[in-house]
There are 2 protein chains.
Amino acid sequence: MSNHFTPDHFTPNHFTPHAAGDLNYLKSLNRSTILSTVRRYPGLSRADIALRTGLTKATVGSVVNVLGERGWLREGELHARGGGRPGRSLYLDGEQHVMLGAEVGVKGLRVVACNLLGERLASQRLDVSPTTPEETAAVLARLIEALLGDPALAARPCLGLGVALPGPVAPQAPILRLAPNLGWVDVDFLALLRAELDAPAGVWLLDNEANAAAFGEFYFIEGTPPESIAYLSAGSGIGCGVVSGEHFPVIPRGHQGLVGEIGHTVLVADGAPCHCGNHGCAETLVSGWMLRESLGVAADASLSASLLARLDEPEVSAALARAGRALGLLMLNLHHTLNPSMLILGGSLMRLGAPLVAPALAYFDAHQNDLLRQSQRVPVKVVEDSTFTAARGAAAQVMARAAIEI
Amino acid sequence: MSNHFTPDHFTPNHFTPHAAGDLNYLKSLNRSTILSTVRRYPGLSRADIALRTGLTKATVGSVVNVLGERGWLREGELHARGGGRPGRSLYLDGEQHVMLGAEVGVKGLRVVACNLLGERLASQRLDVSPTTPEETAAVLARLIEALLGDPALAARPCLGLGVALPGPVAPQAPILRLAPNLGWVDVDFLALLRAELDAPAGVWLLDNEANAAAFGEFYFIEGTPPESIAYLSAGSGIGCGVVSGEHFPVIPRGHQGLVGEIGHTVLVADGAPCHCGNHGCAETLVSGWMLRESLGVAADASLSASLLARLDEPEVSAALARAGRALGLLMLNLHHTLNPSMLILGGSLMRLGAPLVAPALAYFDAHQNDLLRQSQRVPVKVVEDSTFTAARGAAAQVMARAAIEI
DNA sequence: AAGAGTTAGTAAATAGCGTTAACTAATTCT
DNA sequence: AGAATTAGTTAACGCTATTTACTAACTCTT
């Protein structure tokens, strides 16, 4: 029978049947659904899960017990609802498996190890700008080895490794297409990494930084899960990842992996030249590289620290306000094209804080049109420190994939 | 067991498991997969289908035979490939079932009846501008009754009725949210229609015009099926529908049904006022209503006929060229946000022909950036006459839904 | 304090799915 | 005419979730 879990790297959990299914598919579908129900609603009992998923108590019971034996679920306290026999609450087990996640950013490398709850167990960072893909893979490999040096961590079963890169990834194969801010083109980064590293068994995945971050924020979100989110990543460049799907979150990627490349939507016809070869892109109005160039911040200096120290210069504060309004406009356009039910702002530019973010939110609020006003204001969440967000998101993708391959 | 086929009106064929599945689900999944394989590749044999879907010959054979008995499939000629026993080719049966589709447009009403091949068996049109929702429903009901007056048509089993409207539809319920160009707000059009019409049994669906058109163009496309398409509908307003998914085409709608509302992306910060209550939207640069207003075409006159007759006026040809370039820019932005693998241009503005379309295509070609140049140019198809495109698309959605409910 | 009532969870029997393996059918090639 | 090859069907089989009946564990009532 055809395999629903072929390692299309880009569909770590894309459960939409792209093929027919057999009984194994059904089994895996239901096991994953149960697992995701516990992830989204920690503390449910077997009976609660049966009610929510539509499966019978018998099915849920047997699946839950298997997942318990394999270290994915643990039982917790008894419910106290009154009535009859109390249900036993179920949780993802944070003490067994781990996933590794890594990010290659324009300004540094990040590596994390997470448990099934998305909690960071350990992390490593190196604030150097990547050079060639080969050298970067070697450095990242050493960083991962350092992380796995912790014997407590190395003793846990590892589900795999996810890597996030600052550029679109081909939808058909785990290959970086183009990273304008690194100067990389068509890089098979996982192969380079594999040459340097044996370490984690399991799935190896590659994704765009914004997609990875979006996935992680959606997958491990606390409270009532939203239908979908968009993670707007504002750093050296501007990108955006979208995730939706309750049990099997999907990242739309499009034909060339360009879904959410809103930094290169043209806002000024024949405007200022952009790194991408076009003119008047959103990145020419708001982005790390544009602020750096226009305000003269050295490549090796911290953009946020430099600019926050110069806030009294009218030129600087005006530039940040202008960039903030452009960001607000991008947020509006995002809602008329990808229309998420929640917007998360992240990326290194968020460290600039209110001088950038306040004008963005104000513009966004002030320019809602009739279409948007028809329904409740879409919530916006700001992640001030997203140092490990993309790396953790890559780890989340590993978990999602592993969960359907159990 | 929970029902995977709950009439979420907006997921006529959204087969992504949003719930666990039982054996019925599996059965329906495979039956639909086989059906869609025949739709996409007419003339395959049972053995071909088995190879393509991964199902066994035994399963395919039994399912195909049932679908034949129920009037969905018919057998055709024998293959002539040499080798062993020739396979018998299979086709969707165009002689049995019909689906009805309707469109309420700013300039008129359209109704069609299609067979399973998407062929138009009959149609009706009425070139009047809709007034109130109630009156429009009554007029449309009479039009549908007129269509069903044909006894040959009325004798066929009908799968249902799909209706397309010029505005975003709520993702949770079949309700029109807002049609700026009709002045309608929160209209339950299917209920109004039901009050006037008993006629077709089966599924009743409601969708946005661009989504419906996109669905139909994708569902009934000839030749090698693309992974995804975007249908850019340029009429009184500018909208866009996206469809992807080989066996179970999905229309992303987003939280408020605003996916693809690119006509209201802001391209000029604080630009000209738009019907939507904002300023500087794409529709202020290219749209039927904007051309009408700026070039002084009466509301009851045909926009394309009027302007084509005035092409020698420099003001008119310059305005069309300007609008065309804006359309080209929108096409570019579309590729950096929704990134379809094929772009189809439709809508009433296409009747303007080369004076509008040529500048659009030229701009699109000339401004491809490095990201787009990384891969093959995305094909663009122009539908000159899209009178019945949306109505047929609505009918296609009915078929897709019916196919999983067999 | 004991029993009724209620809900959680388990166990065994059952119906239905796709697969497997063996078959028949229909063509071409030698 | 027979071997080889491919298409399609049939019956037995293993596995799935369900159904039905049961046991377990609590609260509430009397």
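Here is the naming used below: chain letters follow the sequence lines, and residue numbers restart at 1 for every chain. Note: hydrogens, waters and symmetry copies are ignored here, and every other heavy atom, side chains too, is used.
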> In whole Å, what is the span from the CG atom of B:L23 to the P atom of C:dT19?
Replying inline: 13 Å

>> Measure CG/A:L51 against P/D:dT18 and give the value in whole Å, please.
In response: 13 Å

>> For a quick check of understanding: with a heavy-atom distance under 4.0 Å over all strands, which category does B:G83 fall into, base, sugar-phosphate or nothing?
In response: base

> Aromatic rings B:Y25 and A:Y25: how do their planes relate, parallel, tilted or perpendicular, breaks at 30° and 60°?
Replying inline: parallel

> Given atom NZ of B:K27 and atom P of C:dA15, what is their separation to the nearest angstrom?
Replying inline: 17 Å

>> Check this one for me: any side-chain N or O of B:N30 less than 4.0 Å away from OP1 or OP2 of C:dG18?
In response: yes

>> From CG of B:D48 over to P of D:dT6, roughly how many Å is that when rounded to an integer?
In response: 13 Å

> Using a cut-off of 4.0 Å on non-hydrogen atoms, how would the nucleic acid contact of B:T59 be classed: base, sugar-phosphate, or nothing?
Replying inline: base

>> Just so I know, are the side chains of B:Y219 and B:M399 near enough to count as touching, which here means a heavy-atom distance under 4.5 Å?
In response: yes

> Is there a salt bridge (Lys or Arg N to Asp or Glu O under 4.0 Å) between B:E95 and B:R74 once you walk through the steps?
Replying inline: CA-CA 9 Å; B:E95 306 297 320; B:R74 67 174 180 83; over 6 Å; no

> Just how far, in rounded Å, is C1' of D:dT16 from CG of B:L29?
Replying inline: 15 Å

>> Is the phosphate of D:dA25 approached by A:R88 (side-chain N or O, under 4.0 Å from OP1 or OP2)?
In response: no

> Does any N or O donor sit under 3.5 Å from an N or O acceptor when you compare the side chain of A:R85 with the base of D:dA25?
Replying inline: no

>> I need the CG-C1' distance between A:D22 and D:dA17, as an integer number of Å.
In response: 15 Å

>> Would you say A:N65 places a side-chain N or O within less than 4.0 Å of OP1 or OP2 belonging to C:dG9?
In response: no

> Heavy atoms under 4.0 Å, any strand shown: does B:A58 hit a base, just sugar-phosphate, or nothing?
Replying inline: base

>> Both A:L78 and A:K57 contact DNA chain D. Which one's nearest nucleotide lies toward the 5' end?
In response: A:K57

>> Among residues 66-75 of chain B, which ones have heavy-atom contacts with DNA chain D below 4.0 Å?
In response: none

>> Measure OH/B:Y25 against C1'/D:dT16 and give the value in whole Å, please.
In response: 14 Å

> Should the heavy atoms of other residues, nucleotides or ligands under 6.0 Å from CD of B:E77 be counted, would the total exceed 12?
Replying inline: yes

> Going by atom types alone, do B:N30 and B:T33 pair a side-chain donor with an acceptor below 3.5 Å?
Replying inline: no

> Can you find a side-chain donor-acceptor pair between A:R46 and A:N65 that sits under 3.5 Å?
Replying inline: yes

> Starting at CG of A:L55 and ending at C1' of C:dA8, how long is that distance when rounded to a whole Å?
Replying inline: 16 Å

> Is NZ or CZ of A:R52 both nearer than 6.0 Å to the six-membered ring centre of A:Y41 and within 45° of the ring axis?
Replying inline: yes

> Between B:P86 and B:R31, which is nearer to the 5' end of DNA chain C once each is assigned its nearest nucleotide?
Replying inline: B:R31

